Amino acid sequence: VRIWKTNSLLLRVWVNFIRNPDFILDVDNSDNVDACLSGIAQCLVDSCSLADHKLGKDSSKEKLLFNKDVKKLKKDVDEFYELIKRQPAVSEQDFTTEMNDESNKYIGELDKMSALSELWNYCERFSEQISGALNSNPAAQKMRLLQKFENLFEILETESARRPSIAPNVYSP
């Protein structure tokens with residue numbers, strides 16, 4: 001979970017903004033500023049990495065410069081994820097309520113059938129991995145998510161056979 005959270009928020013959002021401030025600000029970067037921002041972004045990436053980076057004679061100047069900061073930030077990041085781990089699990093009812101509330105904000109703005117088709121394609125393509133992950137996760141076992149996933153899979157397969165209009169790849173680009 002930590003790797004997923006780090007990749008989804010840190011790498012896809014913050015590191016991208018740090019390395020490319022022109023995405024959100026109306027600025028032109030000089031080569032010097034770009035190099036500095038890349039060093040800062042790499043420090044952030046290294047701080048959230050699970051790997052322990054050893055310094056050597058081939059280490060970049062950024063890694064050498066930010067080594068002390070990375071060690072301190074790594075501890076902060078570890079504490080952050082430990083706090084997340086200790087949070088109580090969200091109940092299925094609370095999760096469903098929150099998702100419904102969020103979904104209702106966008107009524108009429110999204111193509112539900114296209115989204116369902118994409119989700120179906122993803123689930124179909126990665127069904128073994130999804131099933132394996134649900135089967136090995138104690139929280140998922142407690143909430144019977146594997147059985148729910150399999151039931152949903154059966155319903156969608158049966159429904160797509162009965163009504164080809166909801167079959168996969170209906171909205172292929």
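The structure presented is a predicted model; accordingly, all values stated were derived computationally and were not measured.
Formation of a donor-acceptor pair under 3.5 Å by the K74 side chain with backbone atoms of S49 is found in this model. Checked by atom type and distance alone, the side chain of S136 pairs as donor or acceptor with a backbone atom of A133 at under 3.5 Å.
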Would K85 and Y81 count as a side chain to side chain contact (heavy atoms under 4.5 Å, CB included) if you check the C-alpha gap in whole Å, the side-chain angles of each, and the deciding distance to 0.1 Å? CA-CA 6 Å; K85 189 188 284 186; Y81 281 111; over 6 Å; no
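Counted by atom type alone, D46 and Q42 present one or more donor-acceptor pairs between their side chains at under 3.5 Å. No side-chain donor from either of S103 and N100 sits under 3.5 Å from a side-chain acceptor of the other.
Within the 4.5 Å cutoff, no side-chain heavy atoms of K71 are placed close to those of K68. With contacts defined as side-chain heavy-atom distances shorter than 4.5 Å, the pair S91/D94 qualifies. With contacts defined as side-chain heavy-atom distances shorter than 4.5 Å, the pair N137/Q141 does not qualify. In this structure, the side chains of V33 and C36 stay at 4.5 Å or more apart for every pair of heavy atoms.
Note: the hydrophobic cluster containing V77 does not contain L83 (ILVMFWY, side chain heavy atoms under 4.5 Å, direct or indirect links). Under a hydrophobic clustering in which Ile, Leu, Val, Met, Phe, Trp and Tyr are joined whenever their side-chain heavy atoms come within less than 4.5 Å, directly or via other members, F126 and L145 fall into the same cluster. Linking Ile, Leu, Val, Met, Phe, Trp and Tyr whenever their side-chain heavy atoms come within less than 4.5 Å leaves F95 and F149 in two separate clusters. Both W14 and L25 belong to a single network of hydrophobic side chains, linked directly or stepwise wherever heavy atoms of I, L, V, M, F, W or Y lie under 4.5 Å apart.
Between R19 atom CZ and I40 atom CD1 the span is 11.0 Å, to the nearest 0.5 Å. To the nearest 0.5 Å, atom CG of residue D31 and atom CG of residue N29 are 9.0 Å apart. D22 CG to F17 CZ: the interatomic distance, rounded to the nearest 0.5 Å, is 11.0 Å. Rounded to the nearest 0.5 angstrom, C123 SG and Q129 CD are separated by 11.5 Å. Rounded to the nearest 0.5 Å, atoms OG (S114) and CG (L119) are 11.0 Å apart. Taking CG of L37 as the reference point, atom OG of S30 lies at 9.0 Å (rounded to 0.5 Å).
With salt bridges taken as basic N to acidic carboxylate O contacts below 4.0 Å, one links K148 and E92. A salt bridge links K72 to D76: one of the charged nitrogens lies within less than 4.0 Å of a carboxylate oxygen.
Scanning all heavy atoms of the two residues, the minimum distance from A41 to V15 falls at CB-CG1, 3.9 Å.
Each of L73, D69, I18 was compared with L44 under the side chain to side chain contact (heavy atoms under 4.5 Å, CB included) criterion, and only I18 meets it.
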